[in-house]
Amino acid sequence: MSSFKEIIASEKPVLIDFYADWCQPCKMMGPIINDLKGMVGDSVTILKIDVDRNPKLAASLQIQGVPTLAVFQKGEMKWRQAGVVPAQQLKQVLDRYLVEQ
């Protein structure tokens with residue numbers, strides 16, 4: 001398993017869904033993330049990180065509410081938003097960071 005720093009250092013955008021098992025809105029993000037994966041395929045890395053299992057990471061990124069979605073690229077957080085975000089809106093955000101192949 002790659003470290004978090006290695007994963008977010010990628011040229012490829014990395015979308016991270018910070019969630020918790022007890023969070024109802026987080027459960028709504030599941031199908032949205034699946035839809036998004038169908039739209040972007042392998043052009044984006046998509047991860048889900050449980051804040052209860054990774055409290056140090058969540059604290060270091062100041063994740064206060066779940067779900068929080070964040071886009072990382074080349075080790076930098078490029079975008080973040082708390083709450084449920086529709087797949088189409090996430091795709092528009094990610095399209096800004098996709099490198100032309």
Side-chain angles (χ1 to χ4, degrees):
M1 174 80 192
S2 302
S3 77
F4 181 74
K5 281 196 165 78
E6 288 169 347
I7 293 166
I8 66 168
S10 165
E11 288 273 328
K12 188 169 26 170
V14 180
L15 173 72
I16 302 182
D17 175 9
F18 293 96
Y19 76 99
D21 287 333
W22 47 263
C23 159
Q24 270 319 114
C26 297
K27 292 180 177 138
M28 292 165 59
M29 279 308 303
I32 293 171
I33 295 292
N34 288 341
D35 288 350
L36 179 68
K37 184 77 180 140
M39 290 183 220
V40 298
D42 291 333
S43 63
V44 176
T45 301
I46 299 176
L47 296 176
K48 291 179 75 69
I49 295 182
D50 184 335
V51 295
D52 291 333
R53 291 202 185 106
N54 300 279
K56 284 187 179 142
L57 177 62
S60 72
L61 296 171
Q62 290 144 5
I63 305 293
Q64 270 131 25
V66 284
T68 293
L69 296 140
V71 175
F72 290 86
Q73 191 172 33
K74 299 180 194 161
E76 284 177 44
M77 186 184 292
K78 301 287 190 178
W79 175 90
R80 80 187 262 171
Q81 186 169 325
V84 175
V85 182
Q88 196 56 48
Q89 187 181 336
L90 283 170
K91 182 177 184 317
Q92 287 169 350
V93 168
L94 290 164
D95 283 347
R96 287 186 246 160
Y97 303 110
L98 289 171
V99 182
E100 294 299 318
Q101 297 298 335

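Only heavy atoms go into these numbers, but all of them, side chains included; no hydrogens, no water, no symmetry mates.
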Flag side-chain contact, heavy atom, 4.5 Å: [X] against [Y]:
| X | Y | value |
| --- | --- | --- |
| L36 | L94 | yes |
| V44 | V14 | no |
| N54 | F4 | no |
| L57 | V51 | no |
| T68 | R80 | yes |
| Q88 | I32 | no |

Answer with yes or no whether the hydrophobic clustering places I33 together with W79; edges join I, L, V, M, F, W, Y residues whose side-chain heavy atoms lie under 4.5 Å apart.
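Per the 4.5 Å side-chain linkage, I33 and W79 are co-clustered.
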Treating Ile, Leu, Val, Met, Phe, Trp and Tyr as nodes and any side-chain heavy-atom pair under 4.5 angstrom as an edge, say whether Y97 and V40 lie in one connected cluster.
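In one cluster: yes.
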How close do [X] and [Y] get, counting heavy atoms only, and between which atoms?
| X | Y | value |
| --- | --- | --- |
| L69 | G83 | CD1-O, 3.7 Å |
| P13 | L98 | CG-CD2, 3.8 Å |
| P67 | V84 | CG-N, 4.2 Å |

Assess whether atom CE of M28 is packed by more than 12 heavy atoms of other residues, nucleotides or ligands within 6.0 Å.
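No, because the 6.0 Å sphere around CE of M28 holds 12 heavy atoms or fewer from other groups.
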Could you grab the distance from atom [atom1] of [X] to atom [atom2] of [Y], nearest 0.5 Å is fine?
| X | Y | atom1 | atom2 | result |
| --- | --- | --- | --- | --- |
| D17 | M29 | CG | CE | 5.5 Å |
| K27 | Y19 | NZ | OH | 11.0 Å |
| L15 | I46 | CG | CD1 | 5.5 Å |

Please determine whether side-chain contact (heavy atoms from CB on, under 4.5 Å) holds for the pair F72 and L61, giving the CA-CA distance in whole Å, both sets of side-chain angles, and the decisive distance to 0.1 Å.
CA-CA 12 Å; F72 290 86; L61 296 171; 4.1 Å; yes
I need the full list of side chain to side chain donor-acceptor pair (under 3.5 Å) pairs touching residues 35-45, with sequence neighbours left out, sorted by first then second residue.
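Side chain to side chain donor-acceptor pair (under 3.5 Å) check on residues 35-45 returns no pairs.
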side-chain hydrogen bond (donor to acceptor under 3.5 Å, both in side chains) involving D52 - partner list, sequence neighbours excluded
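Residues passing side-chain hydrogen bond (donor to acceptor under 3.5 Å, both in side chains) with D52: W22.
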Any donor and acceptor pair, going by atom type alone, linking the side chain of Q73 with main-chain N or O of K78 inside 3.5 Å?
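No; zero donor-acceptor contacts below 3.5 Å.
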Backbone N or O of S3 within a donor-acceptor pair of the E6 side chain at under 3.5 Å?
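Yes.
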